[in-house]
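Report on the following structure.
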2 protein chains.
Amino acid sequence: MEKENELFGVKEIARRANVSTATVDRVLHNRTGVSEKTKAKINAIIKEMDYQPNILASRLASRKIISLAALLPDVSEETDFWAAPLNGIRRAEAEMRQYGVQVQVFLFDLNDKDSFAEQLKHILDGGFHGILVSPSFIEETRKFATECARRKIPYVFIDSDIPDLHSLSYIGPHLRKSGYVGAKLLTYRLEAEKKVLIINISKEIDNYNYLEIEDGFRAYFNDNNQQNEIVRIDIRETDYQSVARHLTYVFHLNKDIGAAFVTNSRVHTVASFLKNSHRTHVSLIGYDFVKENVGYLESNVIDFLICHRPDDQGYRGMMALYQTLVVNAPVTKQNYMPIDIVTKENYEFYQN
Amino acid sequence: MEKENELFGVKEIARRANVSTATVDRVLHNRTGVSEKTKAKINAIIKEMDYQPNILASRLASRKIISLAALLPDVSEETDFWAAPLNGIRRAEAEMRQYGVQVQVFLFDLNDKDSFAEQLKHILDGGFHGILVSPSFIEETRKFATECARRKIPYVFIDSDIPDLHSLSYIGPHLRKSGYVGAKLLTYRLEAEKKVLIINISKEIDNYNYLEIEDGFRAYFNDNNQQNEIVRIDIRETDYQSVARHLTYVFHLNKDIGAAFVTNSRVHTVASFLKNSHRTHVSLIGYDFVKENVGYLESNVIDFLICHRPDDQGYRGMMALYQTLVVNAPVTKQNYMPIDIVTKENYEFYQN
DNA sequence: TACCTTTACGGGCACGTGCCCGTAATCCAT
DNA sequence: ATGGATTACGGGCACGTGCCCGTAAAGGTA
């Protein structure tokens, strides 16, 4: 029944320090206008109380809205892979909106390096407080990162990392290990005398991802004394005709290929070829939960898909920015996603 | 430079309806004291504006703290499986705390039905606003659910479902499909003439989970014309000696067992037996990312573990309660978790 | 001393909602 | 008609923080 006279937060700090809340506020946001002496006193009290600001009240009182930008490849005819991260970003946006955070999404063309650079410029001009990027092109990203560092704008990478650029956080796969897992699945029931085919289909020359994955793939063969011969092919066109032509040639040269591994989401093109040429006995493994791939999973042409939760990548990437800018909490710098194995039997529950 | 005179939220509604904010508030929380006429008018305006209450302001203004309860099995010597959902619950708690939500965790002994009932009673006496339960025992849960329904307290189930009890939400695996996936992995490189062994190790007689999983397992064999003979064994003691004794017998009777499937996280006990009796050529698949199991995954005794993201289950379960009680948003009733496949090669990135 | 600038700080409103308390208006029974 | 109960509604403070504005005190210059 007694009146609780305890104050919380800023008011309590102010009471203990014999100052007004405004002064405490100045110290909290290290603004000028406080003498060193009172500043020290207030800081001591803050530390002693282990004061945690009330984010609700803070966001409510502050009319300034925090705006975040995200730069992703556009969904293309070839693949709707990037719909998933976008979806995760939207999910994050919905959560953050009520706390006064706005999100703007920028898209670029994966086959056009210039569009990437151009969008980055737009973003830098937009005065955003935090930025999420899928760093598809290394040099352009490097310039961008330098500029962000100068302006003290935090940025996170998703899907592929450029380790020396000191992003606030990386959220995506450990590509090398991912290739390693692919090799395990591929060889799990592979006969000893069969050959293995690695296929990379990509217009870009910037193939850091591919190299990492292949490296991991081969590492598995080494680590496990797997004796199968490995054949590799690079295909620089992504249309079906080109792919089919190259593959016809490879299969002609190598009669005893027992399994194929495609290093990205274009595995459905290979699946299509295998089906059309009546080679579905060849085990096939590739990447990403996109609808074309799932179709071939369903019809047993693709054996396994490896996925890295692209939806979650988008979500977590945005949340990392939120954590630093709004909650002011630390985030982990490396955030490797699980290497998920998707089959005909479990895909319906997969939450990409 | 002009003064923006737009009002937001409740004030704007009040202005348009020519009433005070207090009256609008009464309608929003459907409290008494508003005539039908003004109520209708206000509701119309709310709908027209598509008014979304500001949760920040709401939680800030309302001094009442929302308290949630969670009931889980205690971590036992046999398995630390339940540490994961608990961890997810803690994660959710950390997020919700700043919004005035408190979480209290209750634990029971999986081998003691009474402790389950007792804790449920405590929870009901605690006056919680929402409850998360791992419904291990059907009858006790049924009573509890009835009482909750009477008191209009929302409750969610995780890990296993009792479909007819109308929980707010179920978050956990589709057990039948999970068994189906187990069968796929088990047979993926199984020779045709080998036998398959299903092992259930559990003290409880309440084995709804087990039946569902086995049903799915067998369904795979049917659907795919898999001809292998299936042997099944129920072991009602969980200690190593008992398990070893039973297994010795089974393996004695069936010389040509090529693969074994354990329906729960006690697969490490079987792994131990296989290792000790030099039968590591037998493929072994079981459930859950617990450290004993991971150890045998590492040493190639267990081939695959199937997991259902127990951490996420705890997190999402609590968030479902938060969504209804705080945000007042609808939640999906069935929330089947992905059926994850964990191997020696990808476990280090698994985020249970 | 008179006046101006800078420093250091307090007062107090605003954010959008919850909810207590007060009161005019209406209804009902005597 | 009088009094009491009920209904329908408004006023206004509070939540914890951000930040504008005002001002006393200190310092500087002539």
Side-chain angles (χ1 to χ4, degrees), chain A residues 3-43 45-46 49 51-66 97-101 325-328, chain B residues 3-43 45-46 49-66 97-101 129 325-328:
Chain A
K3 195 181 163 200
E4 291 277 2
N5 233 343
E6 287 182 50
L7 296 175
F8 290 112
V10 178
K11 280 185 196 161
E12 174 64 10
I13 298 173
R15 192 188 61 81
R16 295 201 200 182
N18 261 323
V19 296
S20 75
T21 60
T23 301
V24 175
D25 189 72
R26 277 183 270 263
V27 173
L28 282 172
H29 298 84
N30 42 314
R31 279 188 283 251
T32 59
V34 186
S35 69
E36 283 304 322
K37 205 165 60 175
T38 51
K39 189 180 200 167
K41 190 205 273 185
I42 290 173
N43 272 325
I45 294 175
I46 288 174
M49 286 176 60
Y51 167 72
Q52 302 290 100
N54 183 324
I55 304 174
L56 266 77
S58 168
R59 294 303 310 155
L60 181 62
S62 149
R63 251 143 311 180
K64 104 161 91 91
I65 48 179
I66 290 178
R97 183 167 29 228
Q98 46 186 276
Y99 306 126
V101 181
L325 291 168
V326 179
V327 185
N328 199 19
Chain B
K3 196 181 163 202
E4 291 277 4
N5 232 344
E6 286 183 53
L7 296 174
F8 289 113
V10 178
K11 280 185 195 162
E12 174 64 11
I13 298 173
R15 193 188 61 80
R16 296 200 200 182
N18 261 320
V19 295
S20 75
T21 60
T23 301
V24 175
D25 191 71
R26 277 182 271 264
V27 173
L28 281 172
H29 298 85
N30 44 314
R31 279 188 283 251
T32 59
V34 187
S35 69
E36 284 303 321
K37 204 164 61 177
T38 51
K39 189 179 201 167
K41 189 204 277 183
I42 290 173
N43 272 324
I45 294 174
I46 289 174
M49 287 177 58
D50 187 29
Y51 166 73
Q52 302 289 100
N54 183 324
I55 304 175
L56 266 77
S58 169
R59 292 306 308 155
L60 181 62
S62 147
R63 250 142 313 178
K64 102 161 98 87
I65 47 178
I66 289 179
R97 183 166 26 227
Q98 47 186 271
Y99 307 125
V101 180
H129 301 89
L325 292 168
V326 179
V327 185
N328 199 20

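From a predicted model like this one, the values you see are computed outputs, not experimental measurements. FYI, side chains are in, hydrogens and waters are out, and symmetry mates aren't considered; it's all heavy atoms of this structure. Numbers restart at 1 for each chain; the letters A, B, ... are given by sequence-line order, proteins then strands.
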Any idea which heavy atoms bring I13(B) and M49(B) closest together, and the distance? CG1-SD, 3.7 Å
Please give, in whole Å, the distance from dC9(D) C1' to R15(B) CZ? 19 Å
Interatomic distance where CG belongs to L56(B) and C1' belongs to dT17(D) [whole Å]: 11 Å
Just how far, in rounded Å, is P of dC13(D) from CG of L60(B)? 17 Å
Using the closest heavy atom to pick a nucleotide of DNA chain D for each, name whichever of T32(B) or S62(B) lands nearer the 5' end. T32(B)
Specify the closest pair of heavy atoms between I66(B) and R59(B), including all atoms of both residues, with the distance to one decimal. CD1-NH1, 3.8 Å
Using whole Å, what does the distance between atom P of nucleotide dT7(C) and atom NZ of K39(A) come to? 14 Å
In terms of side-chain heavy atoms of A22(B), which of dC20(C), dG18(C), dT17(C) is nearest? dC20(C)
Distance check, rounded to the nearest 0.5 Å: R31(B) atom CZ versus D25(B) atom CG? 4.5 Å
Of the candidates dG12(D), dG10(D), dT17(D), the side chain of T21(B) sits closest to dG12(D)
Is there a side-chain contact between Y51(A) and V10(A) (heavy atoms, below 4.5 Å)? yes
For a quick check, tell me whether the side chain of R26(B) and the base of dG10(D) share a donor-acceptor pair closer than 3.5 Å. yes
Yes or no on side chain to side chain contact (heavy atoms under 4.5 Å, CB included) for V24(B) and L28(B), after CA distance, side-chain angles and deciding distance? CA-CA 6 Å; V24(B) 175; L28(B) 281 172; 4.0 Å; yes
Under 4.0 Å between a side-chain N/O of Y51(B) and OP1 or OP2 of dT17(C), yes or no? yes
Minimum-distance nucleotide (side-chain atoms of S20(A) versus dC19(D), dG10(C), dT17(C)): dG10(C)
Minimum heavy-atom separation for T32(A) to R26(A), with atom names? O-CD, 3.6 Å
Output yes when at least one side-chain N/O atom of S35(B) is less than 4.0 Å from OP1 or OP2 of dC9(D), else no. yes
Quickly work out the N30(B) CG to dC19(C) C1' distance and round it to whole Å. 15 Å
Of the nucleotides dC19(C), dC9(D), dC15(C), which one has an atom closest to the side chain of V34(B)? dC9(D)
Closest of dC9(D), dG12(C), dG16(D) to the A57(A) side chain is dG16(D)
Identify which nucleotide among dG18(D), dC9(C), dC9(D) has an atom closest to any side-chain atom of T38(B), counting heavy atoms from C-beta outward. dC9(D)
Separation of atom CG in D25(A) from atom C1' in dA14(C), rounded to whole Å: 14 Å
Proximity to the side chain of S58(A) - top-ranked nucleotide from dC19(C), dT17(D), dG16(D): dT17(D)
Listed nucleotide nearest any side-chain atom of H29(B), set dC9(C), dG18(C), dT17(D): dG18(C)
Map N18(B) and N54(A) onto DNA chain D by nearest heavy atom, then report which one ends up closer to the 5' terminus. N18(B)
Interatomic distance, R31(A) CZ vs dT7(C) C1' [rounded to whole Å]: 16 Å
Rounded distance (Å) that lies between atom C1' of dG18(D) and atom NZ of K11(A): 13 Å
side-chain N/O T23(A) vs dG10(C) OP1/OP2, d < 4.0 Å: yes
Checking dG12(C), dT17(D), dG18(C) against the side chain of V10(A) (C-beta onward), the nearest is dT17(D)
